[in-house]
Amino acid sequence: MKIRFLLMLTSLVFFLNACSKDDNAVLDILETPVANAPKDIVDNGFRAKWNYVSHSKSYLLDVSTNENFSAFVPNYNAKEVTDLNEVVVGLTGGTQYYYRVRAKTGTQISDYSNVISVVTTGSSGIPEDPTFLKVKANKLANPFFIGMAVKASQLTNGTPYDVILKNEFSSISAEYEMKMDQISTASGVYNWAVADKIVAYGNANKINVHGHALVWHNAVPQWLKDFSGTDAEFAVEVKKYITDVVTHYAGKVKSWDVVNEAVDDNGGVMRNTIFLKRMGPNYVKDCFQWARNAATAAGDTSLLLFYNDYATSTNIVKQDKVFSILDDLKTAKVIDGVGFQMHNTYLSPTKSQIETDLNRAVAKGLKIHVSELDIQVNQFNDITSFTNERRLAQKAKYKEMVQLYNALPAANKYALTIWGMRDNESWIPYSTELNHPGNDWPLLYDSNFAIKSSHTGFLEGLD
Ligand code: GLA
């Protein structure tokens with residue numbers, strides 16, 4: 001009996017032993033993890049997620065552009081991760097990706113999880129508001145013009161450009177075709193054809209025409225640069241030009257930038273242009289007076305005269321000099337408004353810098369034209385494609401500018417003009433002065449005339 005009992009006990013010990021070995025074997029087979037839906041999807045990546053597997057020490061993450069994982073996104077071929085999620089980066093916007101994981105402990109690796117598919121946002125992933133800009137602006141208690149810089153060659157009836165221009169914009173400025181070097185071919189000789197086309201387009205379509213610009217140091221015709229007469233005779237030529245152009249467009253052009261960029265970027269002094277050298281520091285006031293006299297003589301008593309300049313929000317020494325010129329012009333009663341070009345970036349100027357600049361003009365009772373707005377997103381050349389991060393930063397910056405402008409007192413508002421329609425038409429990458437190192441996407445429409453988030457930001461700024 002004792003022996004039987006001992007035998008039973010021994011077999012029980014063996015049995016228990018065997019059982020515990022079996023248990024260990026079960027524990028050694030790693031469970032298959034469950035991959036979860038991604039989070040934080042952006043243009044160039046997303047956060048891949050999965051569930052915990054007991055006894056696993058890490059997970060092996062695969063990311064591919066095809067469901068069969070026949071090729072991997074670089075760096076994501078069994079990438080070892082110790083967490084239960086991983087931010088996948090370096091992807092392309094608007095593209096379909098797939099991911100899966102395996103659990104790992106020591107040399108043991110589980111089966112593959114389920115496959116999760118994810119599409120990075122891309123531009124098409126962000127819902128945009130298709131409302132027309134001027135339609136929304138015209139519903140404001142105190143509406144203002146929504147302007148666009150144009151070239152005569154773009155104004156062909158029925159083209160996508162023309163349709164958008166008529167739907168969305170209520171003012172136009174010539175990008176360069178109404179400057180002195182384009183219109184004046186010799187003393188008293190004018191080539192009106194191209195400028196006339198722009199003005200006629202605006203007038204025929206009930207779009208405001210802003211004249212840009214009568215006097216600018218970068219658009220002096222060769223004959224005037226070479227002018228060999230006295231300084232007094234030089235001034236007579238400038239007076240004749242201003243008088244003839246203002247008279248030619250009297251009643252058709254509602255406002256003119258009389259002088260563009262008369263202040264230097266350094267030292268708070270006037271820019272040392274041919275006009276300053278030949279006519280002295282009063283030349284700005286003289287040009288305004290000649291423009292005013294010409295309009296009055298032509299029976300146009302409502303022509304608005306603007307001084308236009310750039311970078312005054314960030315360059316305070318320059319801002320001070322511009323405002324001292326504006327003071328002189330106010331005292332002489334020859335100026336109506338000031339144009340702030342606003343060739344900005346997604347980082348600069350700050351909201352309060354812009355606010356301070358605009359408020360100085362409000363305090364002087366001047367009309368304000370945000371005259372050449374564009375917002376760069378690649379001024380450091382650190383992106384090779386338009387990322388969602390920049391897209392949204394640019395949207396916020398456009399919204400901020402429009403909000404600031406819209407908040408101005410009614411009497412100070414005139415127009416907010418965008419400097420070009422499509423990104424691929426912008427002057428920014430080609431400007432030698434800006435010395436912009438790469439491509440950029442500064443405007444409201446992409447190269448296919450599709451509205452961008454900047455356009456939606458503009459609309460939101462009108463709320
Ligand atoms: C300045 C001028 C504009 C235009 C831009 C570049 O801002 O005021 O007329 O030439 O440069 O497009």
Side-chain angles (χ1 to χ4, degrees), residues 147-154 161 169 171-184 194-195 198-199 202 209-221 241-242 245 249 253 255-265 270-271 273-275 284 287-288 291 304-315 318-319 321-322 325-326 337-345 348-349 354 357 368-376 379 401 414-437 439-445:
M148 173 52 61
V150 301
K151 298 189 256 289
S153 60
Q154 293 167 319
Y161 185 99
F169 296 91
S171 181
I172 49 175
S173 302
E175 190 172 341
Y176 65 90
E177 289 159 328
M178 291 175 75
K179 291 174 180 165
M180 196 191 273
D181 64 346
Q182 304 293 304
I183 291 181
S184 172
V194 180
I198 293 173
V199 175
V209 182
H210 173 70
H212 173 76
L214 293 170
V215 172
W216 186 39
H217 64 279
N218 264 341
V220 181
Y241 174 79
I242 291 176
V245 174
Y249 290 117
V253 168
S255 51
W256 272 104
D257 288 331
V258 179
V259 178
N260 191 29
E261 303 178 355
V263 175
D264 202 82
D265 289 332
M270 293 190 76
R271 192 186 290 274
T273 66
I274 191 172
F275 303 106
V284 176
C287 291
F288 272 79
L304 300 173
L305 301 182
F306 283 79
Y307 174 79
N308 195 53
D309 217 322
Y310 67 89
T312 52
S313 303
T314 47
N315 185 341
K318 184 173 183 180
Q319 184 185 106
K321 182 61 183 172
V322 166
I325 291 175
L326 296 177
V338 53
F340 297 93
Q341 293 186 8
M342 297 288 178
H343 295 295
N344 296 347
T345 76
S348 174
I354 297 173
D357 204 8
I368 294 173
H369 185 194
V370 168
S371 55
E372 306 183 14
L373 180 63
D374 43 34
I375 300 183
Q376 299 164 46
Q379 68 272 28
M401 184 71 249
Y414 178 56
L416 198 165
T417 297
I418 310 289
W419 209 243
M421 190 179 282
R422 293 187 289 172
D423 283 338
N424 59 316
E425 293 162 343
S426 168
W427 69 295
I428 292 210
Y430 311 102
S431 157
T432 44
E433 285 127 70
L434 272 186
N435 205 11
H436 191 284
N439 194 14
D440 213 314
W441 300 267
L443 299 171
L444 301 184
Y445 304 80

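Whatever order the structure lists ligands and atoms in, that order sets their numbers, starting from 1.
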- Item | Set of residues satisfying ring-ring contact (aromatic ring centres under 6.0 Å, His included) with respect to His212, sequence neighbours excluded | Trp419

- Does Lys318 come within less than 4.0 Å of Asp309, counting only side-chain N to carboxylate O? yes

- Item | Set of residues satisfying side-chain contact (heavy atoms from CB on, under 4.5 Å) with respect to Ala219, sequence neighbours excluded | Lys179, Asp181, Trp216

Nitrogen or oxygen contacts under 3.5 Å, ligand 1 side and protein side:
residue  : atom   : partner : partner atom : Å
ligand 1 : 7 (O)  : Gln341  : OE1          : 2.8
ligand 1 : 7 (O)  : His343  : NE2          : 3.2
ligand 1 : 7 (O)  : Glu372  : OE1          : 2.4
ligand 1 : 8 (O)  : Asn260  : ND2          : 2.9
ligand 1 : 8 (O)  : Gln341  : NE2          : 3.3
ligand 1 : 8 (O)  : Glu372  : OE1          : 3.4
ligand 1 : 8 (O)  : Glu372  : OE2          : 2.8
ligand 1 : 9 (O)  : Lys179  : NZ           : 2.7
ligand 1 : 9 (O)  : His212  : NE2          : 2.4
ligand 1 : 10 (O) : Lys179  : NZ           : 2.9
ligand 1 : 12 (O) : Trp419  : NE1          : 2.9

- Query: Who passes side-chain hydrogen bond (donor to acceptor under 3.5 Å, both in side chains) against Gln182, sequence neighbours left out?
  - Reply: none

- Heavy atoms only: give me the nearest Pro349-Thr314 pair and the separation to one decimal. CB-CG2, 3.7 Å

- Query: Mind checking whether Tyr249 and Trp256 have parallel, tilted or perpendicular rings, split at 30° and 60°?
  - Reply: tilted

